[in-house]
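Only heavy atoms go into these numbers, but all of them, side chains included; no hydrogens, no water, no symmetry mates. Protein chains get the first letters and strands the later ones, always in sequence-line order, with residue 1 at the start of each.
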Number of protein chains: 2
Amino acid sequence: MGSAETERLPNSSFAVLGMLTFGEASGYDLVKLAERSLEFFWAPAKSQIYSELRRLVAAGLATEREVEQADRPDKRLYRITPAGERALRRWLEERPEHEPFKSEFLLKLFFGHQMSRERLLALVEGHRRDSQEALERLREIGAQIDGDPRFRSARLTLEYGIAHFRANVSWCDRALRTLKGGEG
Amino acid sequence: MGSAETERLPNSSFAVLGMLTFGEASGYDLVKLAERSLEFFWAPAKSQIYSELRRLVAAGLATEREVEQADRPDKRLYRITPAGERALRRWLEERPEHEPFKSEFLLKLFFGHQMSRERLLALVEGHRRDSQEALERLREIGAQIDGDPRFRSARLTLEYGIAHFRANVSWCDRALRTLKGGEG
DNA sequence: GCTGGCATGTAACAAGTTACATGATTTT
DNA sequence: AAAATCATGTAACTTGTTACATGCCAGC
């Protein structure tokens, strides 16, 4: 009997499934991997990774095997199945749907008329600093994976991040000019 | 006794509270208002707006009054209280915390090595189209509120959106060149 | 010999979404 | 007169987060 492949899984399941294409791994491994790679555009709580793994096994998209360890807590290793690979490809080939983008910063900015001008300036300046820092982090990562052909797709996502934080910084600069220039 | 102002509320509560600064409104009104204004950076389900309203009342940050209507279903109107205004200001003045940004598109791109080159190109091209459309929508809105001083902060958020979709489009162009240029 | 971090996970809770409910009014 | 839309909201469910649990090992 085929597995319950018809169930509609959320993107988070596929994020975990995708990480499993890099090889057999424990929940803990994936938590670490996610922190190092997906972090910028998909940052789940670790408990979520564990529950996605259980769901993938239930759906027949991954297998689980228990490994006893003497020095450490026992662990469970997960491996993607052929059905899992097919499901992943199908998902990859579907058009992403409109992404609602959520920003506490923009929310505060939108209600900026309730703030003093100083506070509003501080808000934008803080955002500029944060963006600048993020930019530097991404550039460091970029330098590390530079030229390595294994990271072709990853590099694209990295450049996406860089482009966005750069846009952020220059938007901040313009906004600051506007806010300082406009009659108070 | 003062109200339970110590409870830590989520940003969504403040989004609703912020909208109440525009005047007394029903849940329905706020749903519509959110669709027209916050939509780009904060897009809650309508049922969430209703539950935030209940929470605001419970916390003493808004008041509720029932209005009977003959032709339509009865409604409840909400109004921000002085405590609500204070709470809003306090929240506005706190530094936004690091925003985890979530993107189905980037997730798929990151696993791009599992896709054929054609699919990968289609993914990026689709993203370019979507960004271009969003850009046009925002520009239309921009033309409508142009120069109106009531929308000073709103205009800044709009320009933020425009900057980002423009960055999107040019990133897509670069990525497409890379993908087409690189050896298959 | 205590403290903090690694390695591995679960349980309890909060946030957010989709589907449902209801009756009038306008459109086809 | 049937279908769609407006106006108003609730219930049931899914997703995602924070807090908790456990034992080893390394550094102070």
Over how many whole Å does the gap from [X] atom [atom1] to [N] atom [atom2] extend?
X     : N      : atom1 : atom2 : answer
A/Q69 : D/dC24 : CD    : P     : 13 Å
A/I49 : D/dT15 : CD1   : P     : 16 Å
A/R65 : C/dT8  : CZ    : P     : 13 Å
A/F14 : D/dG16 : CZ    : C1'   : 18 Å
B/R72 : C/dT26 : CZ    : P     : 8 Å
A/L38 : D/dG16 : CG    : C1'   : 16 Å

Handout entry: Expected output: side-chain B/R119 to main-chain A/L92 donor-acceptor under 3.5 Å
Key = no

Exercise for the section: May I ask you to decide if A/R76's main-chain N or O and A/S26's side chain share a donor-acceptor pair within less than 3.5 Å? Expected result: no

Exercise for the section: Just say parallel, tilted or perpendicular for the rings of B/W91 and B/F14, cut-offs at 30° and 60°. Expected result: parallel

Problem - Parallel, tilted or perpendicular: rings of B/W171 and A/Y160 (30°, 60°) - result: perpendicular

Problem - N-O pairing of A/K108 and A/E104 below 4.0 Å - result: yes

Problem - Electrostatic pair A/R139-A/E136, nearest N-O below 4.0 angstrom - result: no

Handout entry: Candidate pair A/F41 and B/F110, rule ring-ring contact (aromatic ring centres under 6.0 Å, His included), full reasoning
Key = CA-CA 10 Å; A/F41 48 88; B/F110 184 78; 5.8 Å; yes

Handout entry: salt bridge (charged side-chain N to carboxylate O under 4.0 Å, His left out) partners of A/E140, counting only residues at least two apart
Key = none

Completion exercise
A correct 5'-to-3' footprint of nucleotides 9-18 of chain C, with B, S and - meaning base, sugar-phosphate only and no protein heavy atom under 4.0 Å, is BBB---SSBB

Practice task
Take the C1' atoms of the five end pairs on each side of the helix from C/dG1-D/dC28 to C/dT28-D/dA1, get both axes, and report the angle to 10 degrees.
Solution key: 30°

